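Written below as structure tokens is the structure these notes are about.
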Amino acid sequence: WAARELCRGLVAFAALAPRLCRRHAVLRSCFRGSQPELTVLPQDELRFALVPARLEGERCDELALARALREFGSRPFDLESGPLLRARLIPLAPQLHVLAIAVHHIVFDEWSTRILLRDLAALYQAHGETLPVLGYGYTDYARWQRGAAGERGFESQLARWASELCDLPEDPPLCSR
């Protein structure tokens, strides 16, 4: 996923990104082993870096912005070592930037995007003050869902989705937009 939000400065987001990653364990995740398993890195191993973009010219035009976003979004993720979230701040003018965020779809979906942007906006508006501790995370929800469905329910859902998706190509063509 990629999302863009206007941001007033590099310093503000650089301070907020590690707080978001501490708050949401999935943003510190990677997949290791011959049978890849989810590994959540400890907070002190966080290797998130905000990369400021350099565009040609004093002001950014739409073509330069589109080119920078396309390059940023097309870089592959390293699932084994992470991070599975990256951000780039692209200057449009001295006090105006585009914040581009890319997160690998293996740990993120549309619902997660809303939560991330909500928390980012709340942290930004609170000038980095700590947000309330989350009562539960995605792994808690997944554990609950599996328990609620029971092994039999889980297997039937798995069979249903396997049936629904069986005719799809293994490697579908990507959108060219």
Side-chain angles (χ1 to χ4, degrees), residues 1-5 7 10-54 68-90 97-124 128 130-149 151 154-155 157-158 161-162 165 168-175 177:
W1 289 83
R4 293 185 293 166
E5 286 289 320
C7 185
L10 177 63
V11 174
F13 185 76
L16 302 180
R19 290 183 180 161
L20 282 173
C21 292
R22 279 192 293 274
R23 181 173 173 79
H24 299 286
V26 73
L27 300 177
R28 301 189 315 271
S29 299
C30 58
F31 292 82
R32 295 184 173 154
S34 58
Q35 292 292 323
E37 289 188 30
L38 176 70
T39 301
V40 178
L41 300 172
Q43 293 177 17
D44 59 344
E45 287 185 36
L46 182 62
R47 296 180 322 267
F48 178 82
L50 177 65
V51 180
R54 301 280 184 245
L69 290 171
R70 194 171 30 256
E71 183 274 334
F72 171 74
S74 65
R75 283 190 19 240
F77 288 89
D78 182 347
L79 292 176
E80 193 166 316
S81 62
L84 301 182
L85 171 137
R86 62 175 174 255
R88 176 162 285 172
L89 198 65
I90 303 169
H97 301 78
V98 169
L99 173 62
I101 300 172
V103 186
H104 195 283
H105 65 91
I106 199 168
V107 295
F108 228 64
D109 59 11
E110 183 179 355
W111 187 270
S112 304
T113 301
R114 292 182 204 154
I115 293 169
L116 178 77
L117 294 178
R118 180 200 67 203
D119 285 358
L120 176 60
L123 280 168
Y124 192 74
T130 304
L131 295 178
V133 174
L134 293 172
Y136 56 90
Y138 180 75
T139 54
D140 299 314
Y141 173 74
R143 197 175 303 117
W144 168 82
Q145 185 180 38
R146 190 169 233 184
E151 195 61 35
F154 178 75
E155 294 300 326
Q157 283 195 13
L158 186 61
W161 282 108
L165 302 173
L168 293 177
E170 282 188 35
D171 203 5
L174 298 175
C175 179
R177 286 189 265 158

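Hydrogens, waters and symmetry mates play no part in the numbers below; they use all other heavy atoms, side chains included. Small disclaimer: the values here were computed from a predicted structure and weren't measured.
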From Arg86 CZ over to Phe77 CZ, what is the distance, rounded to the nearest 0.5 angstrom? 4.0 Å
Could you tell me whether the side chain of His24 reaches within less than 4.5 Å of the side chain of Asp119, counting heavy atoms only? yes
Does the side chain of Leu99 reach to within under 4.5 Å of the side chain of Leu120, using non-hydrogen atoms? yes
Suppose we screen for side chain to side chain contact (heavy atoms under 4.5 Å, CB included). Which residues come up paired with Arg114, at least two apart in sequence or across chains? Glu110, Trp111
Closest non-hydrogen atom pair between Cys30 and Gly82, with its separation: CB-N, 4.0 Å
Residues that Ser29 engages under side chain to side chain contact (heavy atoms under 4.5 Å, CB included), provided they are two or more places apart: Val26, Leu38, Val40, Val107
Does the side chain of Phe108 reach to within under 4.5 Å of the side chain of Leu27, using non-hydrogen atoms? yes
Could you measure the distance from the CD1 atom of Ile101 to the CG atom of Leu117? Nearest 0.5 Å is fine. 6.0 Å
Is the side chain of Arg28 donor-acceptor paired with the backbone N or O of Leu41 at a distance under 3.5 Å, no angle test? yes
Kindly write out the residues that satisfy side chain to side chain contact (heavy atoms under 4.5 Å, CB included) with Ile106, not counting sequence neighbours, or none if the list is empty. Phe31, Leu79, Leu84, His104
Output all residues satisfying salt bridge (charged side-chain N to carboxylate O under 4.0 Å, His left out) with Glu71, sequence neighbours left out; order by chain, then residue number. Arg88
